[in-house]
Amino acid sequence: MATQTKVVSRTEYLAQRLRLLDLEKAHTRQSDELAKLRRELPVVQVLEQYTFTTLDGAGNKITVALDDLFDGRPQLIIYHFMFDPEADAACPSCTLFGDHIPPLQHLNSHNTSFAAVSRAPMDKIQSYKDRLGFTFPWLSSHGSSFNYDFNVTTDPAIKPVSYNFLDEDQLKQRNIHQFFGKGEQPGTSVFIKGGFGIGEEGKIYHTYSTYARGGEKQIGTLLWLDLTLLGRQDQRTDGLGYKRRDEYTPQDLRPTASVTFI
């Protein structure tokens with residue numbers, strides 16, 4: 001049931017809005033400080049020679065190295081797109097993330113390349129890309145240890161469980177082991193090429209990874225809804241509660257009779 005929202009005069013509203021503005025400004029300054037601290041993290045050399053499957057311009061499968069994904073630029077962002085090799089479609093919440101990947105020219109103009117990586121085989125990935133109209137680079141790590149090494153596929157039979165920097169016991173203590181103890185998980189990892197005072201030229205370094213809710217800022221729909229009175233309306237149990245955009249029915253898009261303030 002919706003909570004009761006107080007109706008006030010414009011003068012009283014303005015006074016409360018200005019108090020909130022002070023908090024919003026403090027939050028922005030804190031976000032700037034976090035970005036600075038993120039840039040000050042040390043880096044770790046990537047020692048594994050990872051390879052991925054993709055398609056060339058003629059649609060033929062080819063194998064490329066992690067170095068190739070930089071496309072000549074010094075930085076690389078990889079989104080770990082949840083797509084189990086046995087699944088017929090990628091995760092709906094990751095698909096929502098995919099809908100918000102910006103035109104890559106903007107990142108490219110700032111020395112940064114982008115790619116998505118999944119464990120699903122390339123045939124399934126390409127079919128899904130075609131279905132959703134995605135144009136960003138999306139490669140398969142099928143058969144490699146990449147997803148396991150960056151803790152976005154968890155399987156205790158292969159390596160000790162770790163997700164969002166928590167081990168299996170810590171996940172159990174937080175009662176979230178059932179979500180993150182096995183299977184595909186979302187995340188983003190960032191890499192940089194050595195040089196310009198960072199490591200050794202020609203080597204690749206891992207600079208940052210974020211998991212779970214760490215990717216929310218890249219999903220603009222959530223931030224738009226955060227501006228509204230009804231908020232995200234998250235009273236759902238299936239991921240973020242969004243369907244793939246080609247799965248919505250006219251009924252889904254009609255106004256609902258009742259909502260819950262979240």
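Everything numeric in this text was worked out from a predicted model, so none of it was measured.
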Among residues at least two apart in sequence or on other chains, which ones pass salt bridge (charged side-chain N to carboxylate O under 4.0 Å, His left out) with E33? none
Donor-acceptor check, side chain of S162 to backbone of N151, threshold 3.5 angstrom: yes or no? no
Any donor and acceptor pair, going by atom type alone, linking the side chain of R232 with main-chain N or O of L240 inside 3.5 Å? no
For H206, which of F191, Y50, F146 qualifies under ring pair (Phe, Tyr, Trp, His ring centres under 6.0 Å)? F191
Quick check with a 6.0 Å cut-off and a 45 degree axis cone: is R38 positioned over the face of Y208's six-membered ring? yes
Please assess K193 against D67 for the test salt bridge (Lys or Arg N to Asp or Glu O under 4.0 Å), listing each intermediate value before the final yes or no. CA-CA 8 Å; K193 298 288 288 292; D67 184 81; 2.8 Å; yes
Under 3.5 Å, is there a donor on one side chain and an acceptor on the other for T249 and D252? yes
If we count only N and O atoms by modelled type, under 3.5 Å, do the side chains of S209 and S189 hold a donor and an acceptor together? yes
A120 backbone acceptor or donor facing S140 side chain under 3.5 Å: yes
D130 side chain to Q126 side chain, donor-acceptor N/O pair below 3.5 angstrom: yes
Salt-bridged, K159 to D149, with N to O below 4.0 Å? no
Charged N to carboxylate O below 4.0 Å: is that the case for R73 and D71? yes
Out of R244, K243, R245, which residue meets the salt bridge (charged side-chain N to carboxylate O under 4.0 Å, His left out) rule with E247? R244
Taking 4.0 angstrom as the limit, do R19 and E24 come out as a salt bridge? no
Report yes or no: do T188 and H80 form a side-chain donor-acceptor pair below 3.5 Å? no
So, are R174 and E168 salt-bridged, with charged N and O less than 4.0 Å apart? no
Salt bridge (Lys or Arg N to Asp or Glu O under 4.0 Å) between E12 and R17, worked out: CA-CA 9 Å; E12 185 175 348; R17 179 64 186 90; over 6 Å; no
Does Y79 have any ring-ring contact (aromatic ring centres under 6.0 Å, His included) partners at least two apart in sequence or in another chain, and if so, which? F81, F97
